[in-house]
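Lettering follows sequence order; numbering is per chain, from 1.
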Amino acid sequence: MSEYFQDYVAVAAFAAFGLVLVVLTLGITYLVRPSNPTKEKVTTYECGVDPVGEGWNHTFIRYYIFGLLFVVFDVEAVFLFPWAVAAESLGVPGMIAVVIFILTLLEGLLYAVRKGVLKWE
Amino acid sequence: MDWIDVLLVVARVVAVFALLMGVCTLLVWFERKVVADMQNRVGPDRAGPWGILQTVADGVKLFFKEQVTPRKVELGLYLAAPMLAAVPAFLMFMVVPFGRPFTITLGGEERLVPLQGADLNVGLLYVLAMSSVAVYAVVLAGWSSGSKYPLLGGVRATAQAISYEAAMGLSLVPVVLFTGSMRISEIVAAQSSTLTFLGWNIGFPAWNVVVLAPSFLIFTISAVAETNRAPFDLVEAEQEIVGGFHTEYSGLRFALFFLAEYINMFTMSALAVTLFFGGWSGPAWDGVLPAAVSALLPTVWFFVKVLVFLFIFVWLRATLPRLRYDQLMTLGWKRLIPSSLVWLFFIGGALAVRRFGLPWS
C-alpha cells in the first residue's frame with residue numbers, strides 16, 4: 001500500500017475509533033442510567049408552560065440568503081487552494097486568471113451589499 | 001507496510017485520543033478557574049487539589065443522568081446529532097503535529113514516527129472540511145428537537161458558522177500561497193528557521209504571523225466564531241434562547257456537545273499556533289541537552305504556545321459582551337470577507353513580484 005493511502009487509512013481508523021467510542025459510551029449509559037419518562041417530562045421545553053403550537057415555526061428568510069451566499073464563497077475558497085499550491089508553476093497567466101476570478105466574486109458581494117441583502121432588520 | 005507499521009498507526013490514533021480527552025478535561029477546569037479569578041471568585045475547589053477533578057466529577061454525573069427524549073423529536077437525527085458533533089471534533093485535530101518526529105528501531109528497522117495523527121497532503125482543506133461537518137451537528141440538533149428555542153439556535157448557527165467559515169477559508173489561502181503547500185508538516189517546517197530582513201539575520205523565528213498578520217487576525221476572529229464561543233455564542237445564548245440548539249438534550253448526549261466545543265477550542269488554538277506561530281518549532285538544544293529532553297522540548301513549546309491561545313479564548317469570554325446578530329453578520333460579510341480578499345490580492349501581488357519580477361522589467 002502506498003504512502004498516500006496509508007494516511008487515509010489512518011483517517012478512517014480514527015473516524016471508526018471515534019464513532020465506536022461514542023456509540024459504546026452511549027450504549028453503556030443506556031444500561032446504567034435511569035429512565036422513567038412521564039407525560040410531563042417528555043413535553044417540549046417552553047419555559048415551564050405548556051408548549052404552544054408546533055415546534056417548527058417559520059423563521060426569518062435572511063438566514064437562507066446567507067446560506068446561499070456562503071455556497072458561493074466556500075466554492076471560491078475551494079478553487080483558490082489548488083491555485084495557491086501551484087501558484088509558482090502557473091506563473092503570471094494563472095495570477096491574472098485568479099485576479100479576474102476574485103474580482104468577479106467581489107463584484108457579486110458588492111451587488112449583494114448594494115441590493116441591501118446583507119442588511120439585517 | 002508490515003504489522004509493526006499498523007501497530008504504530010494504532011498507537012498514534014490512541015495517543016491522539018488520549019491527548020484530546022486529557023486536554024479537554026483540563027481545559028474545562030482551566031476555563032472555570034480563570035473566569036472565576038477574573039470575577040473575583042474562587043471557582044471549583046472541592047474535587048481533587050484546586051478542584052482539578054471537577055470535570056471528571058461532572059462527567060461521571062452526566063454519565064448516570066437520565067436522558068430525556070421529548071415526544072416531538074425526530075428520533076434518528078436527534079440521536080445522530082451529538083455523535084456528529086463529537087466525531088469531527090476528534091478528526092479535526094489529527095492532522096495537527098504536536099511534536100518533532102522521532103525515529104525508533106523496531107523489528108530491525110529504523111522507523112520515523114511523526115507525532116501527528118496523519119500527515120495528509122491536503123491537510124488544510126481537510127481541516128476546513130471537518131469544521132464544515134461540525135456545523136451539521138448544531139443545525140440538525142436544533143432542527144430535530146422539534147422545539148422553538150433549539151430551532152432558533154439551529155438557524156442562527158446556519159448563518160453564523162457558515163459566514164465565518166467562508167472568512168476562515170479565505171484567510172488561510174495566503175498561508176498556502178506563502179508556504180506553497182497544504183501539508184501541515186511542511187507549513188511548520190517553513191517556519192522553523194529565523195527571519196532575514198534586508199539581508200540581516202535578525203534572530204527572530206520566521207513565523208508566518210510576521211508577514212501574514214492580517215490573515216492571522218481574520219483567522220483568530222473566525223475561529224472564535226466557528227467554535228461558537230463568546231462573544232459569538234449566539235447559537236446557545238442563554239439569556240435569549242435558553243440553551244439554543246442543545247435545549248432538549250440531557251445527560252451524556254449533552255456532554256458530547258460540550259466535549260466537542262472544548263475539543264474544537266483546543267484544535268483551533270493548535271491550528272493558530274501551527275499555521276502562524278511555528279507549531280512545535282523552537283530551540284531544542286540538540287547535543288547540549290540529553291537526547292530525550294531535546295526530543296521532548298518541541299512538544300513543550302507547542303503546548304506552551306497553545307496555552308497562551310486558550311487563555312485568550314477564555315479572556316475574551318470573560319471580557320466581551322455578546323454581539324447582536326446584525327453586528328455579527330456585518331462583521332462577517334462586510335469586514336472580514338472583503339478584507340481577506342483584498343489581503344489575498346495584496347499578498348498574491350507581492351509574491352508574484354518577488355518570484356517573477358516587476359511587470360514592466
Atom pair NZ (B:Lys334) and CG (A:Leu110), whose distance is rounded to the nearest 0.5 Å: 11.0 Å
Engaged part of B:Gln67 at the chain A interface, taking heavy atoms whose separation is under 4.5 Å: both
Portion of A:Leu80 that has a non-hydrogen atom of chain B nearer than 4.5 angstrom: both
Separation between CZ of B:Arg253 and CG of A:Leu26, rounded to the nearest 0.5 Å: 7.5 Å
Student check: side-chain heavy atoms of A:Val98 and B:Leu344 closer than 4.5 Å: no
Heavy-atom contact with chain A under 4.5 Å, split by part of B:Arg324: neither
Gap separating the CH2 atom of B:Trp333 from the CZ atom of A:Phe73, nearest 0.5 angstrom: 5.5 Å
Flag side-chain contact, heavy atom, 4.5 Å: B:Pro338 against A:Leu109: yes
Atom pair CE/CG of A:Met95 and B:Leu351 - distance to nearest 0.5 Å: 8.0 Å
Under 4.5 Å from any heavy atom of chain A - which part of B:Val68: side chain
Chain A contact via B:Ile162 - which portion, at a heavy-atom distance below 4.5 Å: both
Student check: side-chain heavy atoms of B:Met130 and A:Val11 closer than 4.5 Å: no
Choice from A:Ala86, A:Gly18, A:Ala15, A:Ala84 maximising heavy atom contacts with chain B below 4.5 Å: A:Ala84
Which of A:Leu19, A:Val23, A:Leu69 touches chain B most, by non-hydrogen pairs under 4.5 Å: A:Leu69
Nearest-0.5 Å distance, CZ of residue A:Phe70 to CD1 of residue B:Ile337: 9.5 Å
Contact summary for A:Arg33 and B:Phe63, nearest pair of heavy atoms: CB-O, 4.4 Å
B:Leu341 vs A:Leu105 side-chain heavy atoms within contact, under 4.5 Å: no
Contacting moiety of B:Thr69, where chain A heavy atoms sit under 4.5 Å: backbone
